[in-house]
Each structure stands twice: as C-alpha cells, then as structure tokens.
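Below, all heavy atoms of this structure are taken into account, side chains as well, without hydrogens, waters or symmetry copies. Letters A, B, ... are given to chains in the order of the sequence lines, protein chains preceding strands, and every chain is numbered from 1.
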Amino acid sequence: MVTIRFWFLDINYQVVGREPRIMIWGISEKGERILILDKTFRPYLYVLPKENIDVNKLMLKIKTLSTARSPITSIEIVEKKYFGKPVKVLKVKTVIPDQVPKYREEIKKMSEVEKVLEADIRFSMRYLIDYQLQPSAWHEAVVEEIPLKMPNLKVDKIYEVKAPIKPIRLVKEPKLRKIAFDIECYNPHGAPSPERDPVIIISIYNDKGELIQFSATDRNDKPVLMKFVKYVQEYDPDIIMGYNNNKFDWPYLINRGKRVGVKIAISRSSGEPNPSVYGHISVMGRANIDLYDFAEEITEVKVKTLENVADYLGVMAKSKRTMINWWEMPKYWDDIEKRKVFLKYAADDVISTYGLGEKFLPFAIQLSSITGLPLDQVGAASVGFRVEWFLMREAYKANELIPSKVERPYEPYKGAIVLEPKKGVHEDIAVLDFSAMYPNIMIKYNISPDTYVSPAENIDPDKVWRAPEIGHRFRKEPPGFFKRVLQMLLSLRKKVREEMKKYSVDSVEYRILDERQRALKILANAMYGYQGWVGARWYCKQAAEAITAWGRQTIRRAMEMARELGLEVIYGDTDSIFVKYDEEKVKKLIKMIKDELGFEIKIDKVYKRVFFTEAKKRYVGLLPDGRIDIVGFEAIRGDWSELAKDVQEAVMEIILKEGSTKKAVDYVRGIVSDLREKKIPINKLIIWKTISKRLEEYEVEAPHVAAARKIIEKGGKVTAGSKIGYVITKGTGRLSDRAIPYFMAKIDDIDVNYYVDRQVIPAAVRVLEYFGITEKELKAVTVKAQKTLFDFFGG
DNA sequence: GCCTGGTCTCTACCC
DNA sequence: ACGGGTAGAGACCAGGCG
C-alpha cells in the first residue's frame with residue numbers, strides 16, 4: 001500500500017460482471033497518468049416514510065422487491081434533515097446503478113411512503129458527493145497498485161483504493177498535456193454531411209507549440225481520421241479543446257468514421273467520444289472542453305465566431321489571420337494553389353482555439369473545483385446546474401436531504417424597480433451600487449427554502465422576518481441553508497482575495513486565485529435566480545419573491561435618504577442610484593445606508609456628464625478619462641447595422657464632449673450622403689439576429705427568419721442559436737421579403753432608403769431628438785443654425 | 001383595395 | 001434550463017373609408 005497525491009481529471013463508472021466500478025482518472029504529483037479504481041461503492045436511495053406507519057413492516061415490504069440482478073443489500077434507518085426538519089429515513093442500498101430508478105418507481109407506489117429521495121443522482125456524481133472529492137483539484141489516497149494487464153487502458157499506473165480518497169488544498173496546477181483541434185470538411189453542397197462529405201483537414205495545436213495538420217489527398221479522408229486517432233493516442237493529452245466541438249467536430253468525426261470505417265478510439269480506454277449530460281461529449285480519461293461554452297458568456301462580442309472572440313481577447317487579431325468564408329471553401333480546396341491558403345486558415349483556427357483555451361481554462365478549472373462538476377462538464381452545464389451541484393455537495397455536508405427534481409409550471413412574480421430617468425444632460429453624477437444586494441438580503445433576512453414559514457403556521461411575529469408588500473415570513477433562527485452557504489461563499493471569497501495579496505500580480509498563483517474569487521462571486525450572485533427557477537431542486541418562489549420585495553424596499557429607502565440629504569436622484573435600477581455628485585453628501589449617504597439599512601453601497605463611477613432620453617435602461621455617460629459609457633442604446637446592440645451603431649456613437653461623442661448639435665447634424669448628413677452614393681461597404685449594413693427556435697415554430701415571418709430560410713435553400717445550415725446576418729434589398733412589400741443573407745447580396749441590391757430611414761436616422765434621432773433635432777432636419781440638404789448643447793443646461 | 005392604429009411576436013438589452 | 005423589467009422593430013389584423 002502506498003499513499004499518493006493526484007490531481008483529479010475525470011470520473012466515470014463501469015459495471016464489470018455484477019458490480020459497479022468507479023474509475024477516477026488523474027495525474028500524480030510525479031506527473032504519471034493514473035487510474036484509481038473503487039469497487040466498493042454502491043448506489044442507494046432514501047425513503048421518507050409517512051408518519052405513524054410501521055417502519056419495520058415497510059422495510060420488509062421493500063426487501064421483497066429485491067431482484068437477483070441487483071439485490072437490495074441493506075436497509076438502514078438514518079437520521080437526516082429535510083428542509084431543515086429532522087427526519088428518519090430508510091437508506092436502501094443496492095448494487096447496479098441503473099436499477100435505482102426501477103426501485104424508486106416501485107417504492108414510490110407504496111402507501112406507507114411519503115417520498116423517495118436522492119434516487120435521481122448519477123452514480124459517479126454520487127461518489128463525488130459522498131467522498132467530497134473535488135474535480136480539478138488535488139487529493140491524497142491510500143492505494144494499492146495493481147498490475148497493468150489491460151492494454152487498452154492508456155495510463156502509467158492503475159491503483160485500487162484502500163481508504164477513502166481525501167481532497168487536499170494546494171494552489172498549483174499539474175503540468176497538463178493539452179491539445180486543441182479543428183476539422184475542415186469539404187462542402188460543395190453547402191452545409192457538409194458526414195455521409196457524403198470528407199474531412200479534408202484536421203489541425204492540431206499542442207502545449208509544446210507544435211502545429212500538426214493532416215489533410216486528405218483529393219477526397220480520401222480515411223487516412224486523415226486514422227492519423228488523427230493515432231496522434232491523439234500517442235500524444236496522450238489530458239485536455240482536448242475545440243470550438244463548437246460538442247455540436248460539430250465530434251459528431252461529424254464519429255459519423256464520418258462510421259461511414260469510412262475508422263473508429264475514433266481516442267479515449268484513455270480506447271473508446272469513442274460519446275454524448276453525455278448537458279449536451280457535452282465525453283472522452284473517457286480525458287477532459288474534452290468546448291471553448292464555445294465559455295465564449296458564450298462574453299456579452300461584448302455579439303457574433304461569437306472563433307475569429308471574433310479570438311480577436312476580442314487579443315488571442316489573434318482579425319487583421320493578421322487568414323479568413324475563408326464557408327461558401328468559398330470548396331474553391332479553396334479544389335485549387336491546389338489555393339489549398340495552401342486553406343491550410344493556413346485551418347492553422348489560424350486551431351491556434352486561435354488553443355489561445356482561447358489559455359484564456360478560459362484557469363477559470364474553468366476553478367469553477368470545476370468549486371462547483372464539483374468535472375472539468376469537461378462545467379462549461380456545458382448551465383448556471384442553474386452549476387449552482388445546483390454546489391448546493392448538493394453542501395447539503396450532503398449539512399446532513400440535509402437533497403430535494404428531488406420536480407416538473408413545475410412557470411410562475412411569474414414581481415421583480416426589481418426601475419426609476420423613470422430625469423431626461424436630459426446632467427453634470428457630475430455619481431453612480432452608487434449596492435454590493436451584492438440580493439445575497440446580502442438573503443443573509444440579513446435569513447431567506448431560504450427551509451426557513452420559509454407557510455401562512456397556515458402560527459408563529460410568534462418576533463421570531464420571523466416578514467417581507468414587505470407580500471408578507472412572506474422567514475424564521476430568524478436557526479440560520480437557513482442558503483444563508484449558511486452564502487456566508488461561506490462570501491467569506492471564502494474574502495479569504496481568497498486576502499491570499500492573492502501574497503503573490504505578485506503576474507504570478508501563476510495570483511491568476512489562479514483571481515479566477516477562483518471570480519467563480520465564487522458568480523456563484524453567490526446566481527443564488528437568487530436559482531431559487532426562482534422552476535427547474536431547481538430548491539425552487540422556492542416565496543423566497544425569490546421576498547428577495548425582490550426587500551430589494552425594492554431597500555432601494556426606495558436609499559433614494560429617500562439621498563433626497564433627505566438634498567441629493568437629487570436622477571435614475572436608479574434594481575440596486576443602483578444615480579445622484580448629483582456632492583462629495584460630502586454622498587459620503588454621508590453611504591454611511592447612512594450602512595448604519596440604517598446595514599448594507600454596503602459604493603461609488604461605482606462618477607460621470608462628468610450623463611445623458612438620458614425618457615427611456616429606462618438607456619444612457620450615455622462621459623467618464624473623467626474621456627471614455628464614453630453607452631448603456632442600452634442601439635450603439636451596443638448586436639441587432640443593428642454597424643453603420644447605424646457607429647453613427648449613434650459618433651453623435652453621442654460629439655454631443656457629450658463638444659456639445660455641438662450642429663456638428664452632430666452635419667456628421668449624420670454626411671453619412672446619409674455617403675450611403676446614397678454607395679460609399680459605405682456592405683459589411684457595415686449587415687444586421688445580425690439569433691434564430692431562437694426551429695423555423696417552423698415561428699408565428700411571424702420576421703426578416704431574420706426569412707433570411708434564414710434563404711440560407712437553407714442554398715444548402716446552408718440553420719439551427720436554434722444560429723446568428724443570421726442579413727441585409728435589406730430594394731423592392732416593395734414586407735421587409736422580410738427583402739431580407740437576404742449578406743453573402744448573397746451585392747451593393748447595388750441594397751435598399752438605401754431602408755438604411756437611411758430605419759437605421760441611421762432613428763439611431764441618430766434617438767439622441768438628437770432631445771436637442772430639438774427632427775428626422776426632417778437630418779435628412780434636409782440645407783444646413784440651418786442649431787442650438788448648442790449648452791443652451792439646454794439647467795433648464 | 002388602401003391606410004391606420006392597436007396588438008402581438010420577437011430579440012436583445014439592464015441589473 | 002438562474003430571475004424580472006424594459007425598449008423597440010416589424011408582422012399582422014381589424015376597421016374605417018370610399
């Protein structure tokens with residue numbers, strides 16, 4: 001027996017013979033790739049009996065269900081808590097994990113049974129929870145080495161556990177072997193099909209900085225697939241990364257492999273990648289990561305192509321990469337000279353992908369270790385499931401039973417308040433933000449599913465917090481599950497931030513800790529939304545409703561205080577208030593809020609000048625350093641043409657910095673005339689919109705839907721989530737009849753009037769209207785004298 | 001048949 | 001597959017007019 005330290009990479013289980021076997025894949029401190037087996041773990045479920053029933057009789061009755069294939073090996077009475085209330089439950093153990101749902105259904109039917117619990121947790125996750133193992137983190141284990149007699153297992157050592165594995169805290173990462181890969185398919189018919197179209201290039205980029213490309217000779221791709229499989233097995237990466245590989249590369253490779261007779265046997269057990277939870281593709285013994293999952297969270301990039309995201313993150317500048325549009329690919333492949341360009345394009349793609357991995361992996365690793373979701377799943381799992389896995393682990397630690405998943409109808413409830421802004425230009429405005437408002441409200445009022453007191457219950461009013469407006473009550477004591485979890489998250493984050501100070505800003509440790517505190521913050525902030533999500537195990541509408549009610553009360557009171565101090569409130573949304581920046585009074589306000597409400601509010605920024613129209617959630621601010629903050633307006637929306645956005649931004653800048661409406665008007669007129677003279681390139685006229693469902697489900701034929709149909713007609717592919725780039729062409733009738741995919745349009749097809757009347761002018765007028773400028777004036781050819789911005793100040 | 005105003009659908013934003 | 005609040009465009013349709 002030996003004690004080893006290893007970094008947790010992946011987990012799965014197999015049923016071998018008549019017993020399940022947990023398989024944990026890791027990297028030892030010495031850098032060996034190891035597999036640890038645990039044959040002792042068994043699946044189970046809990047039975048919550050009805051009150052006043054004969055438990056012994058129930059136990060006997062459950063025992064009679066036992067089958068030979070997966071016998072019930074034990075039933076014991078254990079003490080747990082269910083929503084904070086102590087309960088006695090039966091822990092029913094069996095052998096084969098996939099038999100648990102069968103037992104669940106049968107036991108549920110029994111008249112003595114109130115509920116069956118924790119029968120909907122996958123076996124390997126059950127193992128992680130019960131031993132509190134931390135994916136993507138270090139562990140210590142007492143193990144015994146067993147001989148390597150399984151040649152299909154790609155590891156240096158195999159062990160069997162002899163004592164429970166224990167997580168240990170080490171701020172470091174092992175030297176991981178990583179590759180990024182990307183495939184290119186021959187697509188003369190539009191979207192490629194694995195049944196018909198070969199994989200012509202597979203590019204790989206590894207952590208040694210090597211670029212490897214396999215390409216087909218003519219259209220024979222069997223060797224390409226074979227070389228890829230061989231390469232992966234030989235390089236033996238721990239992490240495989242791609243961009244949209246879960247939805248495209250892997251399914252294509254596997255189906256293409258089936259077609260040409262190549263098994264994509266790239267896992268550490270020589271198996272193929274296979275579809276798994278949250279729509280991700282699992283590769284046994286390795287972490288397959290789709291970087292698109294992380295790119296999706298970058299809201300600044302509206303059209304999340306690899307090149308756009310890589311450009312935004314500084315991984316590869318658009319100007320420095322080779323680009324080929326998908327409809328041009330066959331041309332680039334068929335022409336042997338142009339093929340070199342194609343290979344360069346493929347290389348740039350895979351290098352960008354690897355670069356994105358460098359940006360996203362540290363965060364993914366931290367998120368994985370905190371939530372307890374394996375590295376390959378954490379990106380694919382939605383926010384709700386990340387929160388839920390974290391809570392399930394915490395529940396186990398607190399001896400709380402995990403509620404089952406229940407299907408519920410959607411129930412709306414009232415949310416936050418948004419103030420009517422005082423329209424116009426304001427000088428020196430401070431934006432005050434409550435720090436972590438909802439988490440702090442949950443903590444202060446002990447809001448949690450297990451502290452909620454139902455209206456039927458009689459309770460001393462002094463022992464509960466009562467929510468304003470709606471009257472939901474929450475026990476003051478003891479601290480609820482969510483309160484404890486939030487306090488833990490917040491104090492942990494504080495500790496991590498303290499620890500960060502020990503390291504220099506450019507050290508590896510600093511980066512790790514910084515990503516960790518970010519992940520903790522995101523998790524804490526998601527806790528409110530989680531409770532209001534009907535799909536949540538800990539769904540509690542009353543809690544979510546109470547949080548927003550207390551939020552409304554808090555912000556209202558804060559605004560009242562500001563006014564009491566003589567501070568003019570210009571605007572406010574949810575947890576922020578915009579006030580005139582009087583340093584002394586603002587300082588007083590912050591203290592007053594702290595003292596009276598017990599919440600921290602901070603100056604987030606101070607605008608030298610800020611402009612509001614009458615609309616909520618839209619404003620432009622000028623920062624002291626000269627930068628312009630645009631919030632909500634067309635200029636930052638992805639579904640307006642670049643041209644209209646540029647015009648609006650320029651107008652805002654002229655107005656805020658120079659105060660000259662005349663200059664702004666002249667500028668707009670200039671653009672309009674450029675447009676009429678076809679001086680504006682077509683790519684500035686593209687409007688991007690997301691297809692959110694299957695095309696046949698649309699009730700109205702919107703322009704982007706019509707354009708999407710045209711893409712399909714051309715052989716292209718459109719699915720839910722696709723971004724459609726279209727332009728409006730000349731003609732009559734509905735816009736949707738005149739919307740065509742941008743790559744099918746020529747500059748002469750463009751309906752200039754649409755871009756003038758429905759894009760440029762409205763975007764400009766949105767801002768200029770307040771200064772008395774009308775659409776007519778913007779379109780007029782003669783220049784009239786305009787008032788300056790400063791005529792509007794103060795009155 | 002054409003115009004108009006109101007309603008509904010849809011998307012992307014804010015916090 | 002975390003929440004509600006909000007702006008705005010365009011499709012769609014009923015009703016008025018002639």
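Residue contacts for A:Gly535: at a heavy-atom cut-off of 4.0 Å it reaches no nucleic acid atom on any strand shown. Using a 4.0 Å heavy-atom criterion, one finds that A:Ser692 contacts the sugar-phosphate atoms exclusively. Residue A:Ile636 is in sugar-phosphate contact alone, with no base atom involved, counting any heavy-atom pair closer than 4.0 Å across all strands shown. Within the 4.0 angstrom heavy-atom criterion, only backbone atoms of the sugar-phosphate kind lie near A:Lys723; the bases stay farther away. Within the nucleic acid shown, A:Lys693 comes within 4.0 Å of sugar-phosphate atoms alone, with no base atom in reach, counting heavy atoms only. Residue contacts shown for A:Val534 are absent, as no nucleic acid heavy atom lies under 4.0 Å away.
Remark: nothing in residues 570-580 of chain A comes within less than 4.0 Å of DNA chain C through any heavy atom. Listed in residue order, the members of residues 370-386 of chain A having a heavy atom less than 4.0 Å from DNA chain B come to none.
For A:Tyr445 and A:Phe474, the ring centers are positioned 6.0 Å apart or more. Centroid-to-centroid, the aromatic rings of A:Tyr438 and A:Trp550 stay 6.0 Å apart or farther.
Five base pairs at each end of the helix from B:dG1-C:dC17 to B:dC15-C:dG3 define two local axes, and these are offset by 10° (rounded to 10°).
Within the structure, salt bridge (Lys or Arg N to Asp or Glu O under 4.0 Å) contacts touching residues 434-445 of chain A (residues at least two apart or in different chains) do not occur. Counting only residues at least two apart or in different chains, salt bridge (Lys or Arg N to Asp or Glu O under 4.0 Å) contacts with residues 290-302 of chain A comprise A:Glu297-A:Arg386.
Partners of A:Ser136 by side-chain hydrogen bond (donor to acceptor under 3.5 Å, both in side chains), not counting sequence neighbours, listed by chain and number: A:Ser368. Partners of A:Asp120 according to the side-chain hydrogen bond (donor to acceptor under 3.5 Å, both in side chains) rule, which considers only residues two or more places apart in sequence or in another chain, are A:Arg537. Every side-chain hydrogen bond (donor to acceptor under 3.5 Å, both in side chains) that A:Glu560 has, sequence neighbours left out, goes to A:Arg557. Partners of A:Phe611 by ring-ring contact (aromatic ring centres under 6.0 Å, His included), not counting sequence neighbours, listed by chain and number: A:Tyr770, A:Phe771.
No hydrogens or angles considered: nothing links the side chains of A:Asp573 and A:Ser576 as a donor-acceptor pair under 3.5 Å. Between the side chains of A:His280 and A:Asp376, at least one donor N or O lies within less than 3.5 Å of an accepting N or O. Residues A:Ser435 and A:Glu600 bring a donor and an acceptor atom of their side chains to less than 3.5 Å of each other. For the residue pair A:Asn683/A:Tyr742, the side-chain donor-acceptor check at 3.5 Å is not satisfied.
Scanning both residues, A:Gly279 and A:Asn246, for their nearest heavy atoms gives O-CB, 3.7 Å.
Rounded to whole Å, the distance from CG on A:Leu523 to C1' on C:dG3 is 16 Å. Between the P atom of C:dG3 and the CZ atom of A:Arg408 lies a distance of 12 Å, rounded to the nearest Å. Computed from coordinates, the A:Tyr539 OH to C:dA1 P distance equals 19 Å when rounded to whole Å. Counting to the nearest Å, the C1' atom of C:dG3 and the CD1 atom of A:Ile441 are 14 Å from each other. For the pair A:Ile447 CD1 and C:dG3 C1', the computed distance is 14 Å after rounding to whole Å. Atom CD of A:Gln542 and atom P of C:dG3 are 16 Å apart (whole Å).
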Protein-to-nucleotide contact annotation, 5' to 3' order, nucleotides 5-10 of chain C [B base; S sugar-phosphate only; - none; under 4.0 Å, heavy atom]: BSSSSS

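Applying the 4.0 Å criterion to OP1 and OP2 of C:dG4, one finds that A:Tyr438 has every side-chain N and O outside that range.
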Expected list for residues 410-418 of chain A: side-chain donor-acceptor pairs under 3.5 angstrom, two or more places apart:
| unit_1 | atom_1 | unit_2 | atom_2 | d |
| --- | --- | --- | --- | --- |
| A:Glu411 | OE1 | A:Tyr539 | OH | 2.6 |
| A:Tyr413 | OH | A:Tyr528 | OH | 2.9 |
| A:Lys414 | NZ | A:Glu469 | OE1 | 3.1 |

I'd like to know whether A:Tyr754 forms a side-chain contact (heavy atoms from CB on, under 4.5 Å) with A:Thr729, so could you lay out the CA-CA distance, the side-chain angles of the two residues, the decisive distance to 0.1 Å, and finally the verdict. CA-CA 8 Å; A:Tyr754 168 81; A:Thr729 58; over 6 Å; no

Quick one: do A:Ser641 and A:Gln759 satisfy side-chain hydrogen bond (donor to acceptor under 3.5 Å, both in side chains)? Show the steps, please. CA-CA 7 Å; A:Ser641 66; A:Gln759 290 278 321; 2.8 Å; yes

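For DNA chain B, the contact window with chain A, defined by any atom under 4.0 Å from a protein heavy atom, covers B:dT9 to B:dC15 in 5' to 3' order.
Contact annotation: the side chain of A:Phe578 approaches that of A:Phe612 to within less than 4.5 Å [non-hydrogen atoms, C-beta and beyond].
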